[in-house]
Every structure is written in structure tokens, then in C-alpha cells.
Colleague: 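Quick one: structure below, then a few questions.
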Amino acid sequence: HTTETINYTPTLASPDLGGLITASTFVLEQPRCVFKDLTTEEIWLVVAVPDAVKDFNNSLAPGTPERAFQEFPNATPAYMTLNTTLLNYPCPKPSEDITVLRVGSETSCANDASRPNCNGPLPNPGTYQVKFLAWNGSSPVAETRWSAPITLRTAKQPSSIPVPGSGHSAGMIALTTILSILFAILLAGLLAMLVFWGSDTCGGSSSFSKPEAVSVRRYNTHHVYDQPAARL
Amino acid sequence: MAKSDDGIHILQGLLVFGNVVIGICGIALTAECIYFVSNPNGLYPLLEATENKDIYAGAWIGIFVGFALFALAVLGIIGVIKADRTLLLVYIILMLITYAFEMASCITAATHRDSLTPNFFLKQMLERYQKSGTGNSSDKSLDERLTQTWDNLMLQNKCCGVHGPSDWQEYTSAFRVEHNDADFPWPHNCCVMNAQGSPVSLDGCKLGVSGYYNSNGCYDAISGPMNAHAWGVAWFGFAILCWTFCVLLGTMFYWSQIDY
């Protein structure tokens, strides 16, 4: 029988998540309240390169080499992983919970050919598209739409970071200028002093004496009376 | 006359006061520079890694300049009170030499503070944090100390990277060579830790759920102490030098008024 197409597009989770897209993983919203009346089927996630989307064959079963993670993307253009029953996607979704699927989180089985359904890290940042596919053991039952293309991060080399060689702030320039000017004035003053000293020994100038330990004598002003004219 | 005598006495008083202030500031400068050199925030390995230690050179010079200022201030006070020309000439010349050294210290500290931009620390962190592998032993020990400094920085200040955890995603790094992207989108020290020192939720941390990882960068925690250091060495030194300039000019004038 034909596969039912459900009108749901898988989306990335909330952009609040810091690790929404990394170099080898990405985070999808869980398909809550999407598949109805499918109690025994398993919901699989299909990850494919965009070229495989057009003529995608839903009937290739998961676990076969054509849908094995370890063969992706060289030998096969798509793989299936993250299988679970609807019990893990209960509806309705509690609003406080973070319900996400992290694609690429299983590193232990990435090279283990006996685990073709491994949720391994994506091998390169290239563009991918995903959809959910419901299987009932031997054939596909329902599918969602394909997601928009998802591109992962490409990291740059640290040598590309520009480290400006000489950026002098205004403060540093002001400090250098002012200090240099002050120092020049002081040197000029020292020079003037030495010249002054040289010429000073030849001629005197107004200067004060070294304070000596002198005692100031106090004068008793002695009134001299005008002798009145000789009294008679 | 009485008036010019008074004027000279006032000048003497001012010069003594000026030298007292210089002496006190010299001691303060020495104490402050010893504090900075003792590396209280543990950030020295970050500077050591790039041969950009001159901000510490400024502090080292400051220690000795501070002592010199104190000693010369005492000499200056004696010279002013005794009005001894030779003593004051020695004082002025030695003060000028100290002035030159302190100028070098201030300018060095200010210039090298300018070169400590976020990108500077970012590049160094990406190239050296958790770097392993071959290299000569001094490089390896430098890498270890830098790694330890960053680990302490991230744990104590609850921060991650220089600008944020995205630093580890935007650039390849020595860390990335050692740890794959899926298990370690950023170092585990960026996760919120419980009392035992392990992440509260490793999955939450890897997903980047706020509350389970530290989303802010560490640059503020680095630049805060560096700025305080630069202000302390460069601008306090500048203030001392401006005051010293006035005192030295006054001393030169006073010297010219002494009758030999």
C-alpha cells in the first residue's frame, strides 16, 4: 500500500540552544502530535543529502547497507536512525519541557558496522535534509515532508584571526607626549642651571645668604630727653 | 629684606612639602607594583605565552623607582633645609635619572596594555589550550600552565572562551584536535557544575541549554585586572611624574637663588 504523507515539516529546535548547529551535530524538534493512530509502528529519522531527496525510495529497509550510517555519504546518499515508538513522543507536549532530538550524538558506534542505525556525528558540514518515516516492520506506513536544507558549521583556522599589531590608544599617546615634553623642560632647566652656575661664580646676583646662626641683638631704644632749657 | 626672606621661606616650605608627597607616593608605588608582580589573579601565564610580558616589566621598574623616589625625597628635604648647592645639584640629577626610568615604565605599561585585545587572547587560547603532542619541554610546560589558567578562569568566573562558547565552534583549535565536536562542542569546564565539581547535566551542556552551560565569555574577567594593573602602573606613575616635575622646577629655581 502507499505511504501516507503527513503535512509536517521537520524543523530545527529553538535558536536559544547554544548547540543548535555545531560542526557535526544538529538539533531537531521532536515530532510530537504528528503521527496519529500509529501505536505499533516505529518512527525513524531519515538523513539524506539533497540530491537523494527527489527520487527517494521509502521501501529500502533500515539496517540494510543502503541505509547504514557507516556507508553515508560515500556509498549511500541517506541513512536512517533514532528509531522509537510513539510512546516516546507523547501528545500533547508539556510546554516547559525541552523536547529535542540531537542528531549526531553517538560517537561510540560511528565506525561500528554492526550498528547501522547509529546516530553518529555527521562527517562533514555539507547540506542535509531530514524527514520522519514510520515503519511497521516490513514496509513504510507514513512519512512527513522533507525539511529545509540544513547546513552545519565550518570552523575557521585560528591563524585567520586578525591581531592588530600596533593600535595605540589616545591615552597612551597623550601620556607619552606629555611626559616627553616635561622631561625636555627639566633637561633644559638643568642645562640653564649649570650655565648659570658657571657664570655665577664670576659675578654676583641677587641672592640670599645662607641662614647663619646669628642672634639678633635687641636694641633698647633709649629715649634721650630734650634737655629743657636750663631751668632757672 | 623681610619680604624676600619670607618668600624664600615659603618656597622652602613648599619644596619640603612637595618632597614629602614624593616620598609617600614612592612608597605607595613600590607597594602597588609588588602587588601586581605577585600575580594575584593568576593571569601571568596568559601573558607569558606570547612573550608579551612587558606590562610586568613596567611593574618591576616601578618597584625600584618607588624606592629611589623615597630616598631622593629625603635627600631633597635635607638639601632644601640646609640650602646646600651641591646637595641640591646631586638631588636634581638623580631625580632626572629616576624620572627617565619611571617614564619608561609608564609608557611600557600603557603601550602593552593596548595590545591586549580580545583577539590576542582568543588566538592564544585556540592554539594552546589542551594542546598535546610534540614540542620542546618549555613549550609544553607553557601550554600546561596556560591550560590550567584557563581551566581555573572558566571554573571560578563561570565563563567560557573569550567571547563565549561559540569561540570553540567558529574556529578549529588544539582542543578540537584532541576532542571530537559531537562529545565536546566546548570544554566541559564551560558546563554548570554541581558541588562535587562535575556537570549538572552533560547533555544539557552539550545541547547548549541556558542554565546548564556558561554562555558568557571570559574576556571581562581577564581585562578587569589587566586594566587595573595598567591604570595603577601607568597612570599613577604619570601623576607622580607630573608632581615631581613641579617640585623639580621649584628646586631649580630655589637653587638659583642660593648664595654660594
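As the structure is a computational prediction, the values presented were derived from the model and not from experiment.
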Colleague: Kindly compute the distance separating CG (B:Leu207) from CG (A:Asp16), expressed to the nearest 0.5 Å.
Modeller: 12.5 Å
Colleague: Looking at B:Leu248, B:Leu96, B:Leu241, which has the largest count of heavy-atom pairs under 4.5 Å with chain A?
Modeller: B:Leu96
Colleague: Can you tell me which portion of B:Ser210 sits under 4.5 Å from chain A's heavy atoms? Options are side chain, backbone, both or neither.
Modeller: neither
Colleague: Closest heavy-atom contact between A:Ala155 and B:Tyr171?
Modeller: CB-C, 3.7 Å
Colleague: Could you report the tightest heavy-atom contact between B:Tyr99 and A:Leu182, atom names first, then the distance?
Modeller: OH-CB, 3.2 Å
Colleague: Counting only non-hydrogen atoms closer than 4.5 Å, does A:Leu122 touch chain B with its backbone (N, CA, C, O), its side chain (CB onward), both, or neither?
Modeller: neither
Colleague: Flag the one option from B:Asp203, B:Asp183, B:Leu249 with the top tally of heavy-atom pairs under 4.5 Å to chain A.
Modeller: B:Asp183
Colleague: Quick check on B:Tyr213 against chain A: is it the side chain, the backbone, both or neither that has a heavy atom closer than 4.5 Å?
Modeller: side chain
Colleague: Identify which part of B:Glu170 has an atom lying under 4.5 Å from any heavy atom of chain A, answering side chain, backbone, both or neither.
Modeller: both
Colleague: Can you tell which part of B:Pro185 gets under 4.5 Å to a heavy atom of chain A, answering side chain, backbone, both or neither?
Modeller: side chain
Colleague: Counting C-beta onward and ignoring hydrogens, is there a side-chain heavy-atom pair between B:Met103 and A:Ser180 closer than 4.5 Å?
Modeller: yes
Colleague: Below 4.5 Å, heavy-atom pairs only: which of A:Leu190, A:Val27, A:Leu194 has the largest tally toward chain B?
Modeller: A:Leu190
Colleague: Checking B:Trp168 against chain A: side chain, backbone, both or neither under 4.5 Å from a heavy atom?
Modeller: neither
Colleague: For A:Leu186 versus B:Met252, what's the shortest heavy-atom pair and its separation?
Modeller: O-CE, 3.3 Å
Colleague: Where do B:Gln169 and A:Ala23 come nearest, in terms of heavy atoms and distance?
Modeller: OE1-N, 3.3 Å
Colleague: In terms of heavy-atom pairs under 4.5 Å, which option from A:Gly19, A:Gly171, A:Pro158, A:Ala13 contacts chain B the most?
Modeller: A:Pro158
Colleague: Relative to chain B, which of A:Pro162, A:Ser14, A:Pro121 shows the most heavy atom pairs under 4.5 Å?
Modeller: A:Pro162
Colleague: Can you say whether A:Ser105 sits under 4.5 Å from chain B via the side chain, the backbone, both, or neither, judging by heavy atoms?
Modeller: backbone
Colleague: Relative to chain A, which segment of B:Ile92 carries a heavy atom at a distance below 4.5 Å: side chain, backbone, both, or neither?
Modeller: side chain
Colleague: Of all of A:Gln157, A:Met172, A:Lys156, which one pairs up most often with chain B through heavy atoms under 4.5 Å apart?
Modeller: A:Lys156
Colleague: Ignoring hydrogens, what is the shortest heavy-atom contact between B:Asp181 and A:Arg102? Give both atom names and the distance.
Modeller: O-NH2, 4.4 Å
Colleague: Return the OG1 to CD1 distance between B:Thr111 and A:Ile173, rounded to the nearest 0.5 Å.
Modeller: 9.5 Å
Colleague: Flag yes if more than 12 heavy atoms outside B:Asn180 fall under 6.0 Å of its CG atom; otherwise flag no.
Modeller: yes
Colleague: Looking only at heavy atoms, what is the nearest atom pair of A:Gly104 and B:Ala182, with distance?
Modeller: O-CB, 3.3 Å
Colleague: Most heavy-atom pairs under 4.5 angstrom with chain B, which of A:Ile178, A:Leu175, A:Leu187, A:Thr25?
Modeller: A:Leu175
Colleague: Heavy-atom cut-off 4.5 Å, strictly under: side chain, backbone, both or neither for A:Ile21 against chain B?
Modeller: backbone
Colleague: Please check if the number of heavy atoms outside B:Phe245 that lie under 6.0 Å from its CZ is greater than 12.
Modeller: yes
Colleague: Do A:Ile161 and B:Phe120 touch side chain to side chain, with heavy atoms closer than 4.5 Å?
Modeller: no
